[in-house]
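One structure is given here, and the rest of the page talks about it.
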Amino acid sequence: MSSANQQFASDNYSGICPEAWEAMARANQGHDRAYGDDQWTSRAADHFRQLFETDCEVFFAFNGTAANSLALSSLCQSYHSVICGDIAHIETDECGAPEFFSNGSKLLVARTEQGKLTPAAIREIALKRKDIHYPKPRVVSLTQATEIGTVYQPHELRAISDTCKELGLHLHMDGARFANACAFLGLSPAELSWKTGVDVLCFGGTKNGMAVGEAILFFNRDLAEDFEYRCKQAGQLASKMRFLSAPWVGLLEGGAWMKYAEHANSCAQLLASLIGDVPGVELMFPVQANGVFVSIPPLALEALRSRGWMFYTFIGVGGARFMCSWDTSEERVRQLADDIRSVVIEKQ
Ligand SMILES: *Cc1c(COP(=O)(O)O)cnc(C)c1O
């Protein structure tokens, strides 16, 4: 496969990894039951229970917006609120879907430090008001890895979940890049989820190498009551479910999910190390997952675009965002780094 057209605008510019593709082909043999009653869907769910070392409830949705919104709506009544970070995907990039699917549960935005919520920020919002006029805080939602490529350490997760327990809040994790967080920390999925008090995890498949799909894992099984009805009502119950679930079998059975997350992370490290010494270029955050956020002079950014590079500057707090994918080629990373170096020097 040619890497000549690879871009760094988003990790979902990438295609489908061979393991997911091949599992879809295997699922494409004749007929099978519909709506998730097929063997692939139960195999995929079993793989998750094995990987997470626990008997969790597993559901599949088409994308992250639906997974997050439906998960949150199952943790909330309409008069409840969800505490999330100021740059949370659910706040800035889901078009109000969490509020819509929960019939009005309000998102309460907390300040973040390097993209991360803290117990103090959660406490400040949860304890601000106790009266009946304020939407009652019920859930904390955090993103692992964060929208700006940082990763919560286990002790940070534990401190947050302790705060949640103390305040009677459920804990939801947006894991669109959960694999990248596991890869960075070298910790097991269990250690970064239910063992640190996460009630519900939305585990991203798309950015990890699938065509489409997100898994929703309820470690607190009581919270999953009637969740299949929510999925159906929201248009998220795939009739040919096996094509949503089989790719998970492909990713999970031989460890491809981890291999690709490690690869994407290491490409981000490479990029960061290649541009770290360019004068006028500043890494905005520690590079921990698969994203590199860089402050670059505006004229140089323009020049970089005119050399054909695509990247976003609207995510999080500005700056240029470069995302690495499961298939990013090192050669392409080096080309990008060379071009960043030369446009910055040219425009000085
Ligand atoms: C990509 C992403 C999602 C999922 O987005 P969809 O486009 O709805 O699949 C969710 N959360 C975060 C942090 C993301 O980066």
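Numbers here simply count residues along the sequence, with the first being 1. Ligands are counted one by one from 1 in listed order, and the atoms in each one are counted from 1 as well.
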Exercise for the section: May I ask you to check whether over 12 heavy atoms, not counting those of Leu127, lie within 6.0 Å of atom CG? Expected result: yes
Handout entry: CD/Glu282: more than 12 non-hydrogen atoms of other groups inside 6.0 Å
Key = no
Handout entry: Residue list, ring-ring contact (aromatic ring centres under 6.0 Å, His included) with Phe227, at least two apart or on another chain
Key = Phe59, Phe218
Problem - Validation row, ring centre Phe293 to ring centre Phe285 under 6.0 Å - result: yes
Completion exercise
Quick note, ring-ring contact (aromatic ring centres under 6.0 Å, His included) partners involving residues 165-191, not counting sequence neighbours, are Phe52-Phe178, Phe178-Phe203
Fill in the blank from the handout: In chain-and-number order, ligand 1 lies under 4.0 Å from a heavy atom of each of Asn63, Gly64, Thr65, Asn68, His89, Glu94, Thr143, Glu147, Asp174, Ala176, Arg177, Lys207
Exercise for the section: Each residue besides Leu299 in its hydrophobic cluster should be listed here, by chain and number; the cluster joins Ile, Leu, Val, Met, Phe, Trp and Tyr at side-chain heavy-atom distances under 4.5 Å. Expected result: none
